[in-house]
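Before I ask anything, let me first share the structure, which is written out below as structure tokens.
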Amino acid sequence: MDILNRLAAYSGSAILDAATERVVTYAELSQSASSLAKTLDRREAGLVFCLVDGSVASIVGYLAGLMSRHCVCLIDASMAMPMVERLLDLYQPGWLITPQSQQMFARPLVLNCVDDSGLTLWQLQSAPVGEVNSLNKLLLPTSGSTGNPKMVRLSAQNLDANAASIVEYLELNATERPILSLPIHYSYGLSVLNSHLLAGACLTLTPDSILQATFWDAFRKHECTSFAGVPFQYTSLLRIGLEKFELPSLRSMTQAGGKLADAAVQRIWQRSQNSKSPFRFFVMYGQTEATARMSYLPPGSLPSKLGSAGIAIPGGKFSIHSTEPGSKIGEVVYSGANVGLGYASHRADLTLGDERGGVLHTGDLGYVDDDGYLFITGREGRFAKVFGLRLSLADIEAAIASDVVAVAASECVVICHDANLVDPAATRRQLADKFRIHHSAFKLQAVDAIPLNANGKPDHRLLKERFGGT
């Protein structure tokens, strides 16, 4: 892999841990990952589960998995243990990497080692069933920390292709110093890590929230050059006065993980034009199924292309598949070397190879204008992007013991229900705990009756028109 080959080639700093002031060089990062990979390779090719947080150790674990002969699956280390146990049952990995030595697993594990980076390596006693197709190199969850077993299968080529395209259109080089503000088990956060490692840049890690002054103190102290965020993060920053932030070292801001309101995009773009401290602002569009990025809006296209998801990344192409004759709006179909192999829901699916052939039917509705700019107008599938994480609306409905329907809205999920059956405050707390996101993500709307279609099922399209907008 190009990403891995570059690790040993670069001589500078790879990671700076703002909490400890520890600096890890590319040589040290490569050596630590390589040492752990050799231990992993004591078993025949299979699957490694890597529980990750925002630490240097988690990055080492991820890279070790890539260096090994195995396929590696990234799991949020803060996920509730019963959910992790369920995934272990379904996927039967041979190895388990955790960032802490004390984990309360309900199954027999063999402690193999605790390495210098702080990682703990466990062997699972039960023998895995079924081979893993060598094309499968990485599994990424489709629904954040919810425990949904559906994973996206990615190849080494997918990772390299997407990282290389991002390096090209963002014009990244070894002088960049991004601050890692998104988790690496999330495709957007992982793409920031991969692309900057490919470019030889130094990533700054901090445990602090973007709403804490200490986050931005670290940004300034270590002269960070870029920030990547999802709509909720940018909306929050605008609420506390992003326009007033003094960030002399800032070169670029990037946004993905769902549509950011046009008014917010306009405000950030206007701030980026500040003559005293200008920076580039990139609006981007992507899906985990395409490794991460599929399009970007060049900063020079604002404000004339406000509302657009931009143009295809280098090596990518969009087409629109419409079922209505004469309509320019249809399903957005993307083609490129970064399109993943397919899905997995359990161990047996890892025998599968490339099911997509470089073509992804996104499930999004949209059109491409005469200049080649993509505009997203809606969504065919039943998912919602909430705080940058994609949640299954079916999972949300199943989490509530009542007759409810979930529909997607702008940066929130609307629950339509009989007010006599659901306690709004208690339900929001329940959903917040279940899906590990802030309760403000959920808006409850009472209706007299849930409209049904001809099949007697909830009419999701009508509900979305009434309560979810576009």
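The first residue of the sequence shown is numbered 1, and numbering continues consecutively from there.
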Between the side chains of Y296 and T254, is a donor N or O closer than 3.5 angstrom to an acceptor N or O?
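No, no side-chain donor-acceptor pair sits under 3.5 Å.
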
Check the surroundings of atom CD in E131: do more than 12 heavy atoms from other residues, nucleotides or ligands lie under 6.0 Å from it?
no

Which atom pair, heavy atoms only, marks the closest approach of A199 to L172?
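It is CB-CB, 3.9 Å.
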
Sequence neighbours left out, what passes ring-ring contact (aromatic ring centres under 6.0 Å, His included) with Y334? Give chain and number order.
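ring-ring contact (aromatic ring centres under 6.0 Å, His included) list for Y334, sorted by chain: F318.
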
I'd like to know if the side chain of N194 pairs up with that of S191 as donor and acceptor (distance under 3.5 Å, no hydrogens or angles considered).
no

Any donor and acceptor pair, going by atom type alone, linking the side chain of D160 with main-chain N or O of D2 inside 3.5 Å?
yes

Taking the inter-plane angle between the rings of W95 and H70 on a 0 to 90° scale, is it parallel (under 30°), tilted (30 to 60°) or perpendicular (over 60°)?
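If you compare the ring of W95 with that of H70, the planes turn out perpendicular.
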
Is a side-chain N or O of S226 found less than 3.5 angstrom from the main chain of S252, in a donor-acceptor match?
no

Report yes or no: does S308 contribute a side-chain atom to a donor-acceptor pair with the main-chain N or O of L374 at less than 3.5 Å?
yes

Test ring-ring contact (aromatic ring centres under 6.0 Å, His included) applied to W269 - qualifying residues, sequence neighbours left out:
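Per chain and number, W269 pairs via ring-ring contact (aromatic ring centres under 6.0 Å, His included) with no residue.
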
Any L193 side-chain heavy atom under 4.5 Å of Y62 side chain:
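Yes. Closest side-chain heavy atoms under 4.5 Å.
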
Let me confirm one number: the CZ-CG distance from R293 to N162, rounded to the nearest 0.5 Å.
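If we round to the nearest 0.5 Å, R293:CZ and N162:CG are 7.0 Å apart.
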
Give, for atom OH of Y367 and atom CD1 of I320, the distance between the pair rounded to the nearest 0.5 Å.
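Here the rounded value is 10.5 Å.
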
Take the angle between the ring planes of Y169 and F282 and call it parallel below 30°, perpendicular above 60°, tilted in between.
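Y169 vs F282 ring planes: tilted.
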
Mind checking what makes salt bridge (Lys or Arg N to Asp or Glu O under 4.0 Å) contact with R356, not counting sequence neighbours?
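Testing R356 for salt bridge (Lys or Arg N to Asp or Glu O under 4.0 Å), a comparison that skips the adjacent residues, returns none.
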
Of all residues at least two apart in sequence or in a different chain, which pass the side chain to side chain donor-acceptor pair (under 3.5 Å) check with D433?
none

Go through the structure and list residues passing salt bridge (Lys or Arg N to Asp or Glu O under 4.0 Å) with D370, not counting sequence neighbours.
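By the salt bridge (Lys or Arg N to Asp or Glu O under 4.0 Å) rule, D370 matches no residue at all.
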
R86 and P149, any side-chain heavy atoms less than 4.5 Å apart
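Yes, close enough: below the 4.5 Å cut-off.
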
Rounded at 0.5 Å granularity, tell me how far CE in M67 sits from CD1 in I3.
11.0 Å

For a quick check under 3.5 Å, do E355 and Y343 share a side-chain donor-acceptor pair by atom type?
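Distance-only check fails for E355 and Y343.
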
Do you know which two heavy atoms are closest between G340 and N158, and how far apart they sit?
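The answer is CA-OD1, 3.4 Å.
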
For F227 and Y234, I'd like to know if the aromatic rings sit close, meaning centre-to-centre distance below 6.0 Å.
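Yes, ring centres under 6.0 Å apart.
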
Could you go through the salt bridge (charged side-chain N to carboxylate O under 4.0 Å, His left out) check for K305 and D369 one step at a time?
CA-CA 10 Å; K305 294 295 183 180; D369 71 8; 2.7 Å; yes

Can you tell me how far apart CD (E176) and CG (L170) are? Round to the nearest 0.5 Å.
8.5 Å

Examine distances only and state if a side-chain atom of R6 and a backbone atom of L198 form a donor-acceptor pair shorter than 3.5 Å.
yes

Between T377 and L365 (side chain of the first, backbone of the second, donor and acceptor by atom type, cut-off under 3.5 Å), is there such a pair?
yes

Spacing of CZ belonging to R153 relative to CG belonging to L350, to within rounding of 0.5 Å
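Reported to 0.5 Å precision, the distance equals 7.5 Å.
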
Do you know the tightest heavy-atom contact between K137 and L66?
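Residues K137 and L66, closest heavy atoms: CE-O, 2.9 Å.
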
Take the angle between the ring planes of Y91 and F49 and call it parallel below 30°, perpendicular above 60°, tilted in between.
tilted

Can a donor-acceptor pair be found, under 3.5 Å and without considering hydrogens, that links the side chain of T225 to the backbone of R251?
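Between the backbone of R251 and the side chain of T225 there is no qualifying donor-acceptor contact (under 3.5 Å).
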
Answer yes or no: is there a side-chain heavy-atom contact under 4.5 Å between L260 and V283?
no

For L250 and F245, run side-chain contact (heavy atoms from CB on, under 4.5 Å): C-alpha distance rounded to whole Å, both residues' side-chain angles, the deciding distance at 0.1 Å, then the answer.
CA-CA 10 Å; L250 178 64; F245 284 24; over 6 Å; no

Do V332 and M294 come close enough that some side-chain heavy atom pair is under 4.5 Å?
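The answer is no, as the side chains (C-beta and beyond) never meet within the 4.5 Å cut-off.
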
Nearest heavy atoms of T351 and N133, plus distance in Å:
O-ND2, 3.4 Å

Measure the CG-CD1 distance between D53 and I59 for me, rounded to the nearest 0.5 Å.
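Result: 9.5 Å between the selected atoms.
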
Minimum heavy-atom distance M151-C73, with the two atoms named
CE-SG, 3.7 Å

Carefully, step by step, assess L180 and V192 under the rule side-chain contact (heavy atoms from CB on, under 4.5 Å).
CA-CA 7 Å; L180 197 57; V192 174; 3.9 Å; yes

Can you list the steps and then say if L40 with R69 is a side-chain contact (heavy atoms from CB on, under 4.5 Å)?
CA-CA 8 Å; L40 293 172; R69 70 179 72 176; over 6 Å; no

Hey, are the side chains of S277 and R271 touching, using non-hydrogen atoms and a 4.5 Å cut-off?
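A side-chain contact exists here, since the closest heavy-atom pair is under 4.5 Å.
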
Are any of the side-chain heavy atoms of L51 and P99 separated by less than 4.5 Å?
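When only atoms from C-beta onward are counted, P99 and L51 do touch, with a gap below 4.5 Å.
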
What I'd like to find out is whether the side chain of V265 reaches to under 4.5 Å of the side chain of L297, using heavy atoms alone.
no

Go through the steps to decide whether L63 and L197 satisfy the test side-chain contact (heavy atoms from CB on, under 4.5 Å), and finish with yes or no.
CA-CA 11 Å; L63 293 173; L197 289 179; 4.2 Å; yes

R267 meets the salt bridge (Lys or Arg N to Asp or Glu O under 4.0 Å) criterion, sequence neighbours left out, with E243

Do the numbers put R177 on top of the ring of F219, so that NZ or CZ is under 6.0 Å from the six-membered ring centre and no more than 45° off the axis?
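R177 over F219 ring: no.
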
Between S335 and V359 (side chain of the first, backbone of the second, donor and acceptor by atom type, cut-off under 3.5 Å), is there such a pair?
no

Check whether any side-chain heavy atom of F232 lies under 4.5 Å from a side-chain heavy atom of I437, and answer yes or no.
no

Has Q273 got a side-chain atom pairing as donor or acceptor with Q270's backbone, closer than 3.5 angstrom?
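Such a contact is absent between Q273 side chain and Q270 backbone.
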
Are the side chain of T288 and the backbone N or O of T142 linked by a donor-acceptor pair below 3.5 Å?
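Between the backbone of T142 and the side chain of T288 there is no qualifying donor-acceptor contact (under 3.5 Å).
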
Closest non-hydrogen atom pair, S181 against A228:
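What the structure gives for the nearest pair is OG-O, 2.5 Å.
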
State whether the side chain of K317 and the backbone N or O of A312 hold a donor-acceptor pair below 3.5 Å, judged by distance alone.
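Between the backbone of A312 and the side chain of K317 there is no qualifying donor-acceptor contact (under 3.5 Å).
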
